[in-house]
Amino acid sequence: MALDPRRSEIWKALGIGPEWILREEEGEPERQAASPRAACPASGHQDAIARAAVPPVSAPTPSAPRPAPVSGVPETLREDRFVPPAPRSASAATRPAQAAPAPATRAPSDAAFLSEVDSADWERLEALLRDCKCCGLSRTRIKTVFADGRPGCPIVMVGEAPGADEDIQGKPFVGKSGQLLTQALGAVGLERGTDVAIINVLKCRPPHNRDPRPEEVSVCRHFLDRQLALLAPKVLVLMGRPAASAVLGTDQPISRLRGSVHQAEISGRTVPAIVTYHPSYLLRSLTEKEKCWHDLLLAKRTLAGAAPQA
Ligand code: SF4
């Protein structure tokens, strides 16, 4: 709509606002831009003035749809404005998202390493152990734990795995359970390092003293088998279920295995084996100490050739 100038002059003289006419009737497109919103003070015409003052909006073309902006959403995050971020550098665009974790074992070079373990002498075996990375425990250990004692000890005791104290000192059975074992051996007249050599199935401490995993026992038994072959014990004492399982190949509970003499195969040799509780279990079950004492007496009688065979 546009103002009719002549009538507006008349209405203005009468104190009435200007008259508005439809733009189609007007036929003067050049005046559209000059239509002043404030030219009509009559409140009853405000809506008409507002509509007339809105500039014409061209209809959107089908090829360029533009969604209405969403209030409150930053301009750069609007869906119609999103542009995928460019890579920070050319190398970043081609770099793998994350480096693959290191494998738990060193295959295939493990085969050569373990082959050397299988034929090493006592000193070389200890040196190889310090370098072993054949299972994941190498990443969490502080020290490898080799043995207390050496070839020539007639009795060999086998435990499960190092604990926190052993991990720090690099020696087996040096914590509270180790002190209890030393006392128990002394009670039957046996001395660590002379009469008895002590080793573990695993040579590295499992985190939080968890149970050894089958794959860890499987690879670490290269060290265990070589140690037993070199120690050539006359009697074996297996402390706890993991040790009995690794050497005798049985999952029976200690309560069934203890009290008799079993047969273990070491480098083609049959060796008498006695099963007893692990010292750490005895620390929690003091009433079982007496059974351990009887088991050690059985080992001593077996060494003397007086114990009945299972
Ligand atoms: S637990 Fe045995 S196999 Fe595993 S890293 Fe230690 S020495 Fe090697």
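This one's a predicted model, so the numbers in the text were calculated from it and none came from an experiment. One-based numbering, in listed order, for ligands and for the atoms of each.
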* To do: Tell me, please: is Arg141 in heavy-atom contact with ligand 1, that is, under 4.0 Å?
  => yes
* To do: Considering only non-hydrogen protein atoms, determine which one is nearest to atom 7 (S) of ligand 1 and report residue, atom name and distance to 0.1 Å.
  => Leu129 CD1, 3.3 Å
* Is Glu166 salt-bridged to Arg141, cutoff N-O under 4.0 Å? -> no
* Proximal ligand 1 atoms for Lys203, defined as those under 4.0 Å from one of its heavy atoms -> 7 (S)
* **Short N-O contact, Arg124 and Glu116, less than 4.0 angstrom** => yes
* Donor + acceptor pair across side chains of Thr144, Arg130 (<3.5 Å) -> no
* Check: Lys203/Gln227 side-chain N/O donor and acceptor closer than 3.5 Å -> yes
* **Ser138 side-chain N/O to Cys135 backbone N/O, donor-acceptor pair under 3.5 Å** => yes
* Using 4.0 Å as the upper bound for N to carboxylate O, is an ion pair formed by Arg258 and Asp295? -> yes
* Atoms in ligand 1 with a heavy atom of Ser138 nearer than 4.0 Å -> 5 (S)
* What are the atoms of ligand 1, with element, lying closer than 4.0 Å to any heavy atom of Val219? -> 3 (S)
* Among Pro212, Cys134, Cys135, which residue places a heavy atom closest to atom 1 (S) of ligand 1? -> Cys135
* Compute the minimum heavy-atom distance from Thr144 to ligand 1 and say whether it is under 4.0 Å. => no
* Using a strict cut-off of less than 4.0 Å between a Lys/Arg side-chain nitrogen and an Asp/Glu carboxylate oxygen, indicate whether Lys133 and Asp131 qualify as a salt bridge. => yes
* Against heavy atoms of Cys132, which atoms of ligand 1 measure under 4.0 Å? -> 3 (S), 5 (S), 7 (S), 8 (Fe)
* Asked: To which protein heavy atom is atom 2 (Fe) of ligand 1 closest, and what is the distance rounded to 0.1 Å?
  -> Cys220 SG, 2.3 Å
* Starting from atom 6 (Fe) of ligand 1, find the nearest protein heavy-atom neighbour and note its residue, name and distance. => Cys204 SG, 2.3 Å
